[in-house]
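Throughout, protein chains are lettered first and strands after them, A, B, ... in sequence-line order, and every chain is numbered starting at 1. Since we're looking at a predicted model, the values are computed, not measured.
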Protein chains: 2
Amino acid sequence: MKLTQYVSKTATKSVSEFEYDAPSMKTAVPGPNDIQLCLSPGLQNVGAVHFFCNYEESRGNYLVDVDGNRMLDVYTQISSIPIGYNHPALMKVMTNPNNVSTFVNRPALGILPPENFPDKLIESLLSIAPSGMRRVQTMACGSCSNENAFKTMFIWYRNKERGYANPSEQEVDTCMINQSPGCPDLSILSFMGAFHGRTLGCLATTHSKAIHKLDIPSFDWPIAPFPKLQYPLEEFVRENAQEEARCLEEVEDLIVKWRQKGKPVAGIVIEPIQAEGGDNHASPDFFSKLRNIARKHGCAFHVDEVQTGGGTTGKFWGHEHWGLDDPADVVSFSKKLLTGGYYHRDELKPDKPYRIFNTWMGDPSKNLFLSEVLNVIRRENLLEVVTRSGKALLQGLYTLQTQYPHILSRARGQGTFCAIDACNDATRDSIMIKARNKGLFMGSCGEKTIRFRPALVFKEYHVHQLLNILNDVLAEHK
Amino acid sequence: MKLTQYVSKTATKSVSEFEYDAPSMKTAVPGPNDIQLCLSPGLQNVGAVHFFCNYEESRGNYLVDVDGNRMLDVYTQISSIPIGYNHPALMKVMTNPNNVSTFVNRPALGILPPENFPDKLIESLLSIAPSGMRRVQTMACGSCSNENAFKTMFIWYRNKERGYANPSEQEVDTCMINQSPGCPDLSILSFMGAFHGRTLGCLATTHSKAIHKLDIPSFDWPIAPFPKLQYPLEEFVRENAQEEARCLEEVEDLIVKWRQKGKPVAGIVIEPIQAEGGDNHASPDFFSKLRNIARKHGCAFHVDEVQTGGGTTGKFWGHEHWGLDDPADVVSFSKKLLTGGYYHRDELKPDKPYRIFNTWMGDPSKNLFLSEVLNVIRRENLLEVVTRSGKALLQGLYTLQTQYPHILSRARGQGTFCAIDACNDATRDSIMIKARNKGLFMGSCGEKTIRFRPALVFKEYHVHQLLNILNDVLAEHK
């Protein structure tokens, strides 16, 4: 049952041995098979489903749906597929008989780690540890990672406060019933527009969309403004510097105010680029000064790299672009790293076992995949690929916004972590649907932003496919 | 390097085709290879590590460590291994080429589910749905499951409160800055001794040990006493009934008090057997009355089956022992189910998409394993095996506590989910270490309790191995 047929006319042929060479559309999306599957009694949250996928047939940058539509995917499962679909290196992990036991017997890592676990950590997560860090704790997902990173900062802060003495009897007793001083009134400072997850601790630092937060009890924690930069940056140098200074001043005010309130700020958490909140950027100078404010006030500085980490900005960690020797106390990750977790400085190591703990504490089978991903990134120089493709993508977005100034504005990005705003949300959504029906699958964020989150194997000819389809859609747009 | 050699003299031979027939010890545990590995720079939280494991060589009920010691494992990775190590049925999942793509391409399940996902849910999680429930939401781990179950109850409660109308502008605005009414002062009622996880929301309902909670900010939520039953139960019928009545009265008082405080109880969360808190049981009558109190006061009733679920009590869900038609509004799970998640009644379905959401929302590769686990449970009648082995185990524990009344007391259990108390924590710990060195690996909980959490393939001859080793240890104990 073919509804429409679209093959990108302008696609450059791929030489990759395992990938398709272009999008290929057989129906509108969602197609008839999608609509049928949405009626399945097995499905829970149909409301958010875009379409059903045929992951077996998906390859590299191309995601295939159940109607046989093959789309260039620049959303990559909410930015969580590092090297494309069904990469041969990852398939090999599955067929290696030495790996079977790791998949079949998931250990309680905190108490009974497998023999090879320390070595696997060294060859995977510790080989990419951010500057100043040699400790990593794996977790199951991004929210768990941030929750436990927060706990690590609270424990560190209270240990400082009590001079590294043992907790008092009163602290031990009151903590059991959720009361101070055992459960102290500490806070985490976050930023408007931030997204750090949806469990109750994380959610108290998330301020991107009301739908995430409505009806859920929260903590009285301070929320600072995140700089709202004006674009193009080179035209608003002075205004943007003032805006960043205003936000930093507010951060200091809030730290003082919350200390006076009796809810001291134990940590500051921030994304190198606010993603879910609308791809909001700030300058390295802003982050450098924020880091200094954290140090000055004795707060831990937590960089949330769940979306920015893993190479997508052209460096492995987004915060490497700041050029600081001492950028963070805690760095959390998930998504493209395939396992959740966080790095931290030695000082933040909890003083006792079982303070940071849960049954699984990660999943060694994900570390196996991560090791292979890192091999591929190194072997294929994917950070350079990202930098090159990112430049081409951003240049193309600049051209499009010049060509369609009534529709597009504020093209911005780092590596392939790029975004552009539409004039309003309805236009943004309409562009995205039309592009999808022509074989380009993109994500949205913020109020009216399109976000580009391709895999690290997104090459320049994929950029051209993307830009051609987007150009076709915009040309047809009234 | 052999330090000691111990082979259980009394072990009955196993006829199982893939399992070992008895423990076999070459060194004390931890052995020299363990101690070496603990020095690895790759390791984070050495403090909690019991020993390093050779999972490749582990089989069925026997866990092998890096020094070649083979132990009868009745702790099973904190109760999370359903059918033993390296079960052939699970190995086959790995070698089936149709499954490779599911492992290699982890989807964002909430927006881009794989074609077979609804069918896989029907054949796995929905085939074992608790009474009255046909909706299930998968999650990554137990804490995430409970956090999202709490959110589901909060959303349901507030929707009731506003008569299912759209939220006000004020609610939408205030929720973005963590303030009421958008982030309402709702609470979850939990019980002393409970364990529901360690992320900030879950931790506010966890009251088992101070080390879990110290220094972490919490919510002012009500905490009711959990019945402290006296054993043997048949001798304290009247006292125990009074104790349960006292706790239920306190529950109602707290619900009223917290409503008056302006922090109404949206949900009550409880474990069918408090595990981490010390294997505390209550009668079906207690749970039945608690369920009625929840309904009377308009609170959702959330049964946390993370440790009790999956067959270990002799029924698939621990709460099935209560014999109620209408036992729960929400049932959460993880561990032996291999994936986290929760079931809920239709009424608790969130009114809009993206209210309950995260990047991965579970992991379909875990559902593949779960399907096989369920096949094995059915094929091998493992619930009957658990019931039979559980009876033998509990009978054996009764005998031991009669034989060693100065050391052991309060033997209790349901299925193989059994426990016994030592006279104090030092004795408990000493018994556990001695037993481990003779090839029996057990877990602890509460203040002085040994907990037994064998896999579902734990047969009667394994029970005899366990009892023989325990008897040897107790006989040697001063």
Side-chain angles (χ1 to χ4, degrees), chain A residues 40 42-44 47-48 50 52-56 66 77-78 80 85 90 94 100-101 103-105 107-108 110-115 118 121-122 135 137 140-141 147 151 154-155 158 167 172 175-178 183 186 198-201 207 210-211 213-218 223 353-354 358-359, chain B residues 40 42-44 47-48 50 52-56 66 77-78 80 85 90 94 100-101 103-105 107-108 110-115 118 121-122 135 137 140-141 147 151 154-155 158 167 172 175-178 183 186 198-201 207 210-211 213-218 223 353-354 358-359:
Chain A
S40 164
L43 209 69
Q44 174 71 9
H50 292 338
F52 284 81
C53 301
N54 183 335
Y55 287 105
E56 287 77 7
V66 288
Q77 312 298 321
I78 320 183
S80 69
Y85 296 102
L90 300 186
M94 291 299 297
V100 172
S101 160
F103 286 91
V104 167
N105 307 297
I111 57 170
L112 298 164
E115 180 168 11
L121 273 189
I122 290 171
R135 293 188 178 274
Q137 178 60 64
C141 71
E147 290 273 343
K151 287 174 65 174
F154 289 132
I155 291 169
R158 283 293 294 151
V172 171
C175 81
M176 293 296 279
I177 50 171
N178 297 11
C183 293
L186 296 177
R198 294 160 174 269
T199 47
L200 268 64
H207 318 280
I211 194 81
K213 291 178 67 77
L214 184 72
D215 298 341
I216 314 300
S218 196
I223 309 156
Y354 291 108
N358 60 49
T359 299
Chain B
S40 165
L43 209 69
Q44 174 71 10
H50 292 338
F52 285 81
C53 300
N54 183 336
Y55 288 105
E56 288 76 8
V66 288
Q77 311 298 321
I78 320 181
S80 70
Y85 296 102
L90 301 185
M94 290 299 297
V100 173
S101 161
F103 286 91
V104 167
N105 307 296
I111 57 170
L112 297 165
E115 181 169 10
L121 274 189
I122 290 171
R135 293 187 178 274
Q137 178 60 64
C141 70
E147 290 273 342
K151 287 173 64 172
F154 289 132
I155 292 168
R158 282 294 294 149
V172 171
C175 80
M176 293 295 279
I177 50 172
N178 297 11
C183 294
L186 296 177
R198 294 160 174 268
T199 48
L200 267 66
H207 319 280
I211 193 81
K213 291 178 67 76
L214 184 72
D215 297 341
I216 314 300
S218 196
I223 308 156
Y354 291 108
N358 60 48
T359 299

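Here the side chains of B/Glu56 and A/Asn105 are not in contact, with every heavy-atom distance at 4.5 Å or above. Side chains of B/Ile155 and A/Leu214 form no contact here, defined as non-hydrogen atoms less than 4.5 Å apart. Counting heavy atoms from C-beta on, the side chains of B/Asp215 and A/Pro167 never come closer than 4.5 Å. Between A/Leu112 and B/Tyr55 there is a side-chain heavy-atom pair separated by less than 4.5 Å.
Taking NE2 from B/His50 and CD1 from A/Ile111, the interatomic distance works out to 4.0 Å, rounded to the nearest 0.5 Å. Between the CE atom in A/Met94 and the OG atom in B/Ser101 there is a gap of 9.5 Å [rounded to 0.5 Å].
Both the backbone and the side chain of A/Thr199 come within contact range of chain B, each with at least one heavy atom under 4.5 Å from a heavy atom of that chain. Contacts between A/Ile223 and chain B at a heavy-atom distance below 4.5 Å involve the side chain alone, from C-beta outward.
In terms of heavy atoms, B/Ala210 sits closest to A/Met176 at N-SD, 3.4 Å. Of all non-hydrogen atoms in B/Cys175 and A/Lys213, the two that sit nearest each other are O-CE, 2.7 Å. Scanning both residues, A/Ala48 and B/Pro353, for their nearest heavy atoms gives N-CB, 3.6 Å. Contact record, B/Pro114 with A/Phe52: O-CD2, 3.6 Å, taken as the closest heavy-atom pair. Taking every heavy atom of both residues into account, B/Arg198 and A/Tyr354 meet most closely at NH1-O, 3.0 Å.
Of the listed residues (A/Asn358, A/Leu90, A/Ile211), the one with the most heavy-atom contacts under 4.5 Å to chain B is A/Ile211. When the candidates A/Ser80, A/Cys141, A/Pro217, A/Ala140 are compared by the number of heavy-atom contacts under 4.5 Å with chain B, A/Pro217 comes out ahead. Contact tally against chain A (heavy-atom pairs below 4.5 Å) for B/Val66, B/Leu186, B/Ile216, B/Thr359: the top residue is B/Ile216.
Listed for the B/Gln77 side chain is a donor-acceptor partner under 3.5 Å among the backbone atoms of A/Ala108.
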| request: Would you check, one step at a time, whether the test side-chain contact (heavy atoms from CB on, under 4.5 Å) holds for B/Leu200 with A/Lys151? | output: CA-CA 8 Å; B/Leu200 267 66; A/Lys151 287 174 65 174; 3.8 Å; yes
